Amino acid sequence: MKLPVIVIGDGGHSSVVADTLLAAGVTVLGYTDADPKRCGMQLCGLQVLGDDGILSRYGYEDILLANGLGGVGGQPIPARRRVQETLENQGWRFCSVIHPQAIVSKFARLEEAVQIMAGSVVQPGATIGRGSVINTAAVIEHDAFIGAWSNVAPHAVVCGQVSIGAASYVGAGATVRQGIIIGENTLIGAGSVVVKDFSGDGVLVGVPARLKERQK
Ligand SMILES: CC(C)(COP(=O)(O)OP(=O)(O)OC[C@H]1O[C@@H](n2cnc3c(N)ncnc32)[C@H](O)[C@@H]1OP(=O)(O)O)[C@@H](O)C(=O)NCCC(=O)NCCS
């Protein structure tokens, strides 16, 4: 990746994204944030440049963007998608963010603008859907499928041949047993162990994981 990158957002996930890009030898110009009070603030030695309006200083071909919106379980995964798609519709392009110390099989399939953080492992035959995050030290085992705009939190384990539906969240340290099929918009609580298929649109918690509540 030769083009410099601007990170959209300046929260905790943004700092991990920026740090990962720097570790991969990418030039990072800074962050954007909608709040003018944050302009000029520093994060990982890089500045908040202003709101997304500052992108107009550049041409669409001159820079790439990286999505810095994370989303703790139950929160703004849709925001992450909405913001990226709005900017893509304007002509901006988002890059993938892959830490040099992530292990990604050459037989895995990475769709566009994925983020694979430090210490994570993506095994052969796995698919990581567009815009998804595989966070620090998460494991995506062989032939597992992670639907678009999903987020696998630190130290979660998605076992072989699992399918996770789009816009889902696998909480920190959770385990999804091999072959399990999870529908879209599912939130799996931190530390939970999922041993049954689930149709989607809900929160699973506990060991073994059970439906906590229906999402509105
Ligand atoms: C599942 C989750 C979304 C629930 O959040 P919440 O709606 O705010 O729920 P609360 O914390 O109010 O807890 C409600 C109940 O669920 C239980 N609960 C919450 N999270 C749980 C979990 N991960 N496993 C088991 N039980 C859990 C609580 O003990 C509580 O039980 P009680 O009513 O018997 O006291 C959240 O706890 C979670 O695990 N989020 C993922 C966080 C994560 O992985 N972050 C990674 C950041 S990098």
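Indexing begins at 1, ligand by ligand and atom by atom, following the structure's order. We use all heavy atoms of the structure for the numbers below, so side chains are in, but hydrogens, waters and symmetry mates are not. These numbers come from a predicted model, not from an experiment.
In this structure, Tyr31 contributes its side chain and Ala18 its backbone to no donor-acceptor pair below 3.5 Å. With hydrogens and angles ignored, the 3.5 Å screen pairs a side-chain donor or acceptor of Ser132 with a backbone N or O of Ser150. Side chain of Thr27 to main chain of Pro4: no donor-acceptor pair is present (N/O by atom type, distance under 3.5 Å, no hydrogens or angles).
Here atom 1 (C) of ligand 1 lies nearest to Val205 when heavy atoms of Val205, Thr136, Ile188, Asn135 are compared. When Gly191, Ala190, Ala209 are checked for heavy-atom proximity to atom 22 (C) of ligand 1, Ala190 turns out nearest.
When heavy-atom distances to ligand 1 are checked against a 4.0 Å cut-off, Pro154 comes that close only through its side chain, counted from C-beta outward. Under 4.0 angstrom from ligand 1, the non-hydrogen atoms of Leu187 all belong to its side chain.
Taking every non-hydrogen atom of Gly189 and a distance limit under 4.0 Å, the qualifying atoms of ligand 1 come out as 1 (C), 23 (N), 39 (O). Atoms of ligand 1 lying under 4.0 Å from at least one heavy atom of Gly171, given by number and element, are 44 (O).
Some N or O of Lys212 is nearer than 3.5 Å to an N or O of ligand 1, by distance alone. For ligand 1, the polar-atom distance check finds an N/O of Ala172 within less than 3.5 Å of one of the ligand's N/O atoms.
Transitive grouping of hydrophobic side chains (ILVMFWY, heavy atoms separated by less than 4.5 Å) keeps Ile140 and Ile103 in distinct clusters. A continuous path of Ile, Leu, Val, Met, Phe, Trp and Tyr side chains, each step under 4.5 Å between heavy atoms, connects Leu110 with Val152, placing both in one hydrophobic cluster.
One finds the CG atom of Asp35 at 10.0 Å from the CG atom of Asp51 (value rounded to the nearest 0.5 Å).
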